[in-house]
Amino acid sequence: MADFTVGDDDFRIDGKPVRLLSGALHYFRVHEGQWDHRLAMLRAMGLNCVETYVPWNLHEPRPGRFRDVGALGRFLDAAHRAGLWAVVRPGPYICAEWENGGLPAWVTGRFGRRVRTRDAGYLDAVRAWFAELLPQVVERQADRGGPVIMVQAENEYGSYGTDAAYLRQLAGLLVESGVGVPLFTSDGPEDHMLTGGSVPGLLATANFGSGAREAFGVLRRHQASGPLMCMEFWCGWFEHWGAPPVVRDPAQAAGALAEILECGASVNIYMAHGGTNFAGWAGANRSGPLQDGGLLPTVTSYDYDAPVDEYGRATEKFRLFREVLAGYADGPLPALPPEPVGPAAPVRVELTEWAPLPAVLEALGDEESAECGVPPTFEELGVDRGLVRYRVAVPGPRRPYTLDVSGLRDRAVVYVDGVRRGVLSEESAALEEPVAGPAEVELWVESLGRVNYGPRLGEPKGITGGVLHERQYLHGVRARALRLDAFDEPGAVAGVPFVPVDGSGGTGLYRGVFEVAAGADHAGLELPGWTRGFVWVNGFCLGRYWSAGPQDTLYVPGPVLRDGVNEVWVLETEGAGAPFVELGPGLPVRSG
């Protein structure tokens, strides 16, 4: 057991000063079979602590229906075995470039703009969630012999609001739930953010990527004493679909890390190892300085240009960080664990079976709704990730008019009388060619990820306005959902009516098998000729692919692969499917 406290100038363990050298590693972005290796990489880099968020929506997809909450506890146990302290950031909001900032869609759908405020109903939902989650943390606190030394109250609240009463009540909920280790907040080093996000009596920390001396100067204006800590040292950045790749010079990042430590501060490297947004859990941002412009969906990879790359390998940034951190270590740093290896040879996977998207919806979809006056949103249908097919009639006879969708979020493939007529987006929501009546219209709408940061947090998905013909709303809409998690049900795909691929297939579910030998720690999956959709290997959802780039290879965790026969499913949601995918060693290690 250990006594971890926050002193006037430093952190203390059993009364002795300690500097926290932490690294962010999210258990939910790394396959459990690879936790031990990635934690060993953090130790070898010179870190003594690991930090993780907790995504509420992953663990409570429906009200009161919890899913593998024990994963957090198992991860904390793995950190303890690795000789690392742990910082836990349970939210309830986490940002993290994660779907809806970690808030369940049913929560934001129910409470809307009342989330992240003192609203009693919202806080009751948080209280019920914390009652399920926090025992995983409490029983692993340092004073009980575990690794947990600090817990965060909310996350970057000063970037969102000023409800001090909410923050005080949330901190009280943590204490009432048994959290006895120090609580803290983290915000950008700006006056309005620290004013909005700090809680009297709780340690305030700062998040930034450079300029440590200036940032800590701002922090000191708000908190005259207490240890300095950069809770998120942004050593890289995340990427959006359709945007250029993002990299940060390793030497420049190492210099920024050194400056933090020269200030006498503690640090949490964000990210030490980023991992992957498996299963369509990637979030989205909005463009513009106020985060209220066009949608910017985040890619599947969360490599983050981190020192330990998505494949678990040391980069040049790792080597430079290790040199910096070695100067603050109590002794020699541990040796690096063996470098992960890919498959011995690339494999071309032929996809020999296919089922059109309507047949997949029939086999795996929800029941279709009754006719509605307006299109129900994803939230009203209880859908977090996946597709919704909307059907509506254009009355007639009438001349051709423009057909468009108000409030489309985020992308729709449109069919008129069974013929594909175009792909609409939020920015371009009208068909190029007019539509005459009578006609039957289908719109297959897909969410590209809910906003995770800024004032548009919690906005609904699907058709949030209506379908218009000329200026006239079309009513009598029917909706049917194809949830992404429907594919997780044991034996679900066995009910899909596959037929042999004949080269004429379009959107739908494709299936193929391949063989590999045991021993690969990972692989990279490429999808040449495919447009957009999701991929599963042996029932494990790797996440979204999209020809928009910049990502063209999906990470396959080694524990997912089987020695011998393996199965691939590809759900193509927009274009025509190709007859194969390619499994190879993955991307090369970055040199810079």
Side-chain angles (χ1 to χ4, degrees), residues 25-45 50 71 74-75 77-79 81-82 271-279 300-303 306-316 318-319 322 334-352 488 493 510-528 534-543 545 551-570 580-591:
L25 192 165
H26 301 154
Y27 67 95
F28 48 93
R29 283 179 161 132
V30 179
H31 191 284
E32 186 166 353
Q34 297 174 324
W35 286 350
D36 289 342
H37 177 271
R38 303 305 192 261
L39 290 165
M41 289 294 289
L42 267 60
R43 289 278 290 126
M45 190 163 59
V50 63
R74 297 194 302 273
F75 177 75
D77 292 342
R81 290 194 304 271
M271 296 291 297
H273 170 59
T276 308
N277 295 311
F278 297 119
T300 296
S301 172
Y302 201 64
D303 179 88
V308 180
D309 76 2
E310 187 176 14
Y311 292 76
R313 303 167 302 192
T315 66
E316 177 64 16
F318 177 98
R319 297 180 185 92
R322 179 177 160 95
L336 274 69
E339 181 171 296
V341 296
V347 178
R348 180 182 168 113
V349 184
E350 302 291 340
L351 300 177
T352 58
D488 297 338
V493 172
Y510 293 75
R511 182 166 67 175
V513 297
F514 65 96
E515 291 192 21
V516 293
D521 297 305
H522 61 252
L525 189 74
E526 297 184 20
L527 296 102
F534 298 91
V535 184
W536 290 258
V537 172
N538 296 327
F540 182 89
C541 187
L542 304 180
Y545 65 88
Q551 181 178 357
D552 57 10
T553 302
L554 293 181
Y555 174 73
V556 184
V560 169
L561 298 171
R562 301 170 182 156
D563 182 19
V565 178
N566 296 257
E567 187 170 66
V568 172
W569 311 331
V570 181
F580 68 94
V581 297
E582 295 178 341
L583 192 82
L587 300 176
V589 181
R590 293 189 315 275
S591 60

Just say parallel, tilted or perpendicular for the rings of Tyr311 and Tyr555, cut-offs at 30° and 60°.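 Tyr311 vs Tyr555 ring planes: perpendicular.
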Yes or no on side-chain contact (heavy atoms from CB on, under 4.5 Å) for Phe28 and Phe75, after CA distance, side-chain angles and deciding distance? CA-CA 9 Å; Phe28 48 93; Phe75 177 75; over 6 Å; no
Which heavy atom in [X] sits nearest to a heavy atom in [Y], and how many Å separate them?
{"X": "Arg38", "Y": "Pro340", "result": "NH1-CG, 4.4 Å"}
{"X": "Leu561", "Y": "Ala523", "result": "CD1-CB, 4.2 Å"}
{"X": "Gln551", "Y": "Ser301", "result": "OE1-N, 2.9 Å"}
{"X": "Glu310", "Y": "Asp303", "result": "N-OD1, 2.8 Å"}
{"X": "Gly312", "Y": "Met41", "result": "O-CE, 3.9 Å"}
{"X": "Met271", "Y": "Pro307", "result": "O-CD, 3.3 Å"}

Given 3.5 Å as the limit, does a donor-acceptor pair link the side chain of [X] with the main chain of [Y], or not?
{"X": "His273", "Y": "Asp309", "answer": "yes"}
{"X": "Arg322", "Y": "Ala44", "answer": "yes"}
{"X": "His31", "Y": "Gly33", "answer": "yes"}
{"X": "Arg348", "Y": "Phe580", "answer": "no"}
{"X": "His37", "Y": "Pro338", "answer": "yes"}
{"X": "Asn538", "Y": "Val560", "answer": "yes"}
{"X": "Asn566", "Y": "Gly564", "answer": "yes"}
{"X": "Thr553", "Y": "Glu526", "answer": "no"}

Full working for side-chain contact (heavy atoms from CB on, under 4.5 Å) between Tyr510 and Val581: CA-CA 11 Å; Tyr510 293 75; Val581 297; over 6 Å; no
Reported [atom1]-to-[atom2] distance for the pair [X] and [Y], which is rounded to 0.5 angstrom:
{"X": "Leu525", "Y": "Glu582", "atom1": "CG", "atom2": "CD", "value": "9.0 Å"}
{"X": "Asp552", "Y": "Tyr545", "atom1": "CG", "atom2": "OH", "value": "14.0 Å"}
{"X": "Leu587", "Y": "Arg313", "atom1": "CG", "atom2": "CZ", "value": "7.0 Å"}
{"X": "Leu542", "Y": "Thr300", "atom1": "CG", "atom2": "OG1", "value": "9.0 Å"}
{"X": "Phe514", "Y": "Arg562", "atom1": "CZ", "atom2": "CZ", "value": "9.5 Å"}

Those residues that, when tested against Pro346, pass side chain to side chain contact (heavy atoms under 4.5 Å, CB included) (two or more places apart):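 With neighbours one apart ignored, the set is empty.
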What residues, two or more places apart in sequence or in another chain, satisfy side chain to side chain contact (heavy atoms under 4.5 Å, CB included) together with Arg74?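 Applying side chain to side chain contact (heavy atoms under 4.5 Å, CB included) to Arg74 gives Glu32, Trp35, Asp68, Ala71.
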Please report the C-alpha distance between Trp536 and Val493 in whole Å, then the side-chain angles of each, then the deciding distance to 0.1 Å, and finally whether the side-chain contact (heavy atoms from CB on, under 4.5 Å) criterion is met. CA-CA 11 Å; Trp536 290 258; Val493 172; over 6 Å; no
Test item: Leu527 and Leu554 side chains (from C-beta on) under 4.5 Å apart, heavy atoms: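 Side-chain contact under 4.5 Å: yes.
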State, with a plain yes or no, whether a side-chain heavy atom of Arg29 is found less than 4.5 Å away from one of Thr276.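 Arg29 does not reach Thr276 side chain to side chain.
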Using salt bridge (charged side-chain N to carboxylate O under 4.0 Å, His left out) as the criterion, list what pairs up with Asp563, not counting sequence neighbours.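 Scan of Asp563 (salt bridge (charged side-chain N to carboxylate O under 4.0 Å, His left out), adjacent residues dropped) gives none.
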